[in-house]
Amino acid sequence: MRVESGFNALFGESWNPLYYLGAIAFFMLWVVVGSGLYIYAFYTTSVTGAYASVEYLTHTQWYFGGVLRSLHRYASDGMVLFSLLHLARNFVYDRYRGFRWFSWVSGVMLLWLIYMSGINGYWLVWDKLAQFIAIATTEWLDWLPIFSAPLVRNFLFEGAVNDRFFSLLAFLHIGIPLVLVILSWVHIQRVQEAKIMPPRHITVSLIAIMLLLAFVKPAVSQGGIANLNSVPTALGLDWFFLANYPLLYIWGPAKLWFLVWGATLVLMVLPWLGKRAGTTEFKIVSMPPCEHSFIAQPGETVLEAALRQNLPMPYVCRDGACGVCKGQLIKGKVDYGTYLESALSETERREGKVLFCCATPLTDLEIACQDVAELKDIPVRKLDARVEKMQRAAHDVMVLHLQLESAERLRFLAGQYINILPPDGKRRSFSIANPPHDNALLQLHIRHVAGGSYTGHVFNEMKPGDTLHFEGPLGSFFLHDEGDKPIIFLASSCGFAPIKAMLEHAFHVDIQRKMTLYWGIRSRRDLYMGELPEQWAKEHDNFTFIPVLSEPAPEDDWHGRSGLVHEAILADLPDLSGYQVYACGNPKMVELGYHAFTAHGLPENEYYSDAFIVTSAAASKPRLET
C-alpha cells in the first residue's frame, strides 16, 4: 500500500500503473498479436528463408517492419513483467483464495503459455541465439523419460534441420497465442468488471516507451544465421524469457525441472494452503431506500458481490486507496482487509464505516448503500466534450457549458459528478450543475484555486471550442425522490452546483416536500447566481432560501444571517429527527454538519454528503461521499 501510495504521489492515481497491471498485460498481448501478424506476412518457413526474412524486416524495412519486430519483442517482455507483477500483487493482497482460485490457477497456466510462446518465437529467428536455445531446450527436455530418442540429436550437425521444422514452429507460434487469448478470456470470467485495456493515457505512454526503445535499442538477431557445425560462445539473453537457461548448465536439468515444477505446484495449490476463505455464503442487505439483498461468496468482498449480481456501487481503485466505495456497516462483522488510512481513518472505522472494496463478510451484513438501485442502469463512460460557452459567474467562479462530441446525451442522476481527464493524468472532479432532464449541455461550476494548475488553465487559457476528455457520471450523492420528510440542503461555495441540479430536478418532477437551502459563503461577492434560488423561492411555495455569510465585508451592508452555516440550521431547527439533509462543499463543513446534526436527532442514514477536496495542486484525490 505504501508503494502504491508513493506511485500515486509520483504519477497521480489515473497514471498509477499498479492499478492496471492485468489490463496492461492484456494490452501487451494485443500488441504482440498485431505486430506478429505483420511479421508473419513476410516470414519464410524454411531453413535459410527464416533468418533472411527476419533480417529483411529488421534492416531493409527498418522504418516499419524493424520497428514492429522491436515492438513484438518489448511487448512480449512487458507481458511477462506485468503478468508477474499482477500475480504478485494479487498474492500480497490475498486475492487468490475462495472463489478466486479459478482466476489464480488459470493465471498460472497463462504464464506457462506466455513462456512457451516466447521460447518458440526465439527459435523462429534462427540466429545463433536460437541455435543455443534449441540445443539447450532439447537437452532439458531429454531428461524427461517420455521420448524414445534424444531430441537434441536433431540439432547436432548442419543439415539436420529441414524446412518442415519451421512450418511446425510457425504453426505452434500461431496456435499457442490463440490458446493464450482464449484462456485469457476464461481467466477473467469470475472477475467483475475486469479491465482488458488500461486508460488511454497509459496506453499511449506505453506505446511511446516501446517506440523509444525500438529506436534506441532495436531488437536484432545475434551472431548471424545459426550454424549447427559451430558452438555459440557469447550471447545476450532476454532475461524475461531465458533466465532459467544459465541454471540449466549450473544445476543440471534435474534440479531445474524440480525448481520449475515445484514452483508451479506451489502456485497451483496456494489457494488451498494457509488461511482458508471459509465455505459459508453470507447474505448482505442494503438498507432503505434501496432494500436490496445479495449474496457474498466465501472470500468475496462486498463490492465484488454487488457487481457480480449487477448491483453497482461507486468505486475507483478497488484497492482501498481512494475511499470512494466507503459506506456504513449497520450490522454484522467484516474482515476490513488492507487499505490506506487516508481512505478510512480509525475514527471512521469506530463510527462503523468500511471500504466495500476491501471488506469481506464474516457474518450476514446490513449496510447503508443508497445508490445500488438508482445507479443500476447508468453506465460510467469515457467521452469527449467541447466547451460550448464560458461565463464568469463571480470573481472566482467560472461556469462551463459542455457539448458532447457525439450526438448522444449523458445519462446521470441529479447531484452526480464527472472526472475531467486532462493530459497530465490527474483527475479533476466537478459536479454536474444541470438537472438530468436538461442535459443538452453539461454545466460545471469551477472555482479558481490559487496555485491550481487546472483551474488556472480554465480561467486563463481555456476558450470556447476546446475539447475535454472526461469519465462519468460518478458518485453516490444524488437526490432520492421517495419519502415525505422535509429536506435541508446545505451548501458552501461551489457546493451549490450539485444542489442546484437536485433542486431543479425536484421542481421538474413536482416534489411537494418542504425544501430549504442554506448556502454558506464568506461574503456577498461569493454569492454567485444568488438571484436563481431567490427566484425559486418566489415560484415555489415549498422552497425557502437562506444565505449565510461567515465574514460579511463592511461594504456588503449585510442584514441577513451570518456565522457558520450549520449553526444557522440548528438555530432554526434544534430537532432534526424528522428531516433529510444533503450537504455539499467544504469537507470541514460537511464533517461538522454530520456530527452536529446527528447529535440533534438526525438519523445517520438521512445525511447525504459530498465533500470537495481541494489542494493547490488542483487535487487529483477523489471526493469523499457518504
Side-chain angles (χ1 to χ4, degrees), residues 1 4 13 18-23 86-104 107 187-195 270-271 274-287 290 292-345 348-349 352-372 375-376 380 474 476 622 625-626:
M1 296 299 291
E4 291 189 356
E13 288 173 10
L18 298 180
Y19 291 152
Y20 307 100
L21 294 174
H86 181 58
L87 179 144
R89 188 171 186 272
N90 279 283
F91 172 75
V92 299
Y93 275 105
D94 201 30
R95 294 176 181 169
Y96 57 92
R97 307 178 196 274
F99 77 100
R100 298 185 184 89
W101 74 266
F102 181 83
S103 297
W104 178 267
H187 171 68
I188 64 174
Q189 290 310 295
R190 292 195 181 184
V191 181
Q192 301 306 313
E193 299 190 11
K195 296 181 176 67
L270 201 56
K275 184 178 71 173
R276 298 297 180 92
T279 58
T280 305
E281 294 182 341
F282 297 108
K283 183 178 181 180
I284 303 174
V285 177
S286 59
M287 300 304 289
C290 290
H292 277 263
S293 64
F294 52 100
I295 300 298
Q297 296 179 3
E300 192 174 32
T301 66
V302 175
L303 176 63
E304 288 169 333
L307 296 179
R308 177 172 55 81
Q309 291 159 87
N310 298 317
L311 299 173
M313 287 184 176
Y315 71 89
V316 174
C317 72
R318 298 176 73 161
D319 295 312
C322 70
V324 169
C325 67
K326 190 185 305 177
Q328 186 74 33
L329 177 63
I330 298 174
K331 184 178 179 181
K333 295 181 179 180
V334 298
D335 180 342
Y336 285 83
T338 305
Y339 57 87
L340 287 176
E341 189 174 353
S342 59
L344 180 68
S345 68
E348 290 174 317
R349 183 164 165 169
K353 297 291 194 302
V354 297
L355 297 176
F356 290 135
C357 72
C358 302
T360 304
L362 300 176
T363 65
D364 292 344
L365 304 179
E366 290 183 6
I367 62 174
C369 185
Q370 288 83 10
D371 59 318
V372 172
L375 295 179
K376 183 176 181 180
V380 176
L474 301 163
S476 57
E625 301 181 9
T626 59

Backbone N or O of [Y] within a donor-acceptor pair of the [X] side chain at under 3.5 Å?
X      : Y      : result
Thr363 : Gly332 : no
Thr301 : Thr360 : no
Arg89  : Leu18  : yes
Asn90  : Tyr96  : no

From [X] [atom1] over to [Y] [atom2], what is the distance, rounded to the nearest 0.5 angstrom?
X      : Y      : atom1 : atom2 : value
Arg349 : Leu355 : CZ    : CG    : 10.0 Å
Ile295 : Lys283 : CD1   : NZ    : 7.0 Å
Phe356 : Leu307 : CZ    : CG    : 12.0 Å
His187 : Phe102 : NE2   : CZ    : 9.5 Å
Gln328 : Glu366 : CD    : CD    : 12.0 Å
Ser103 : Trp101 : OG    : CH2   : 9.5 Å

Which heavy atom of [X] sits nearest a heavy atom of [Y], and at what distance?
X      : Y      : value
Asp94  : Arg100 : O-NH1, 4.4 Å
Val334 : Pro361 : CG1-CA, 4.2 Å
Tyr336 : Cys358 : O-CB, 3.3 Å

Check: Where do Phe282 and Val302 land on the side-chain contact (heavy atoms from CB on, under 4.5 Å) test, with the steps shown first?
Finding: CA-CA 10 Å; Phe282 297 108; Val302 175; over 6 Å; no

Check: Mind checking whether Trp104 and Phe91 have parallel, tilted or perpendicular rings, split at 30° and 60°?
Finding: tilted

Next item on the list: In sequence, state the C-alpha distance, the side-chain angles, and the governing distance for Arg95 and Glu304, and then conclude on salt bridge (charged side-chain N to carboxylate O under 4.0 Å, His left out).
Entry: CA-CA 12 Å; Arg95 294 176 181 169; Glu304 288 169 333; 5.6 Å; no

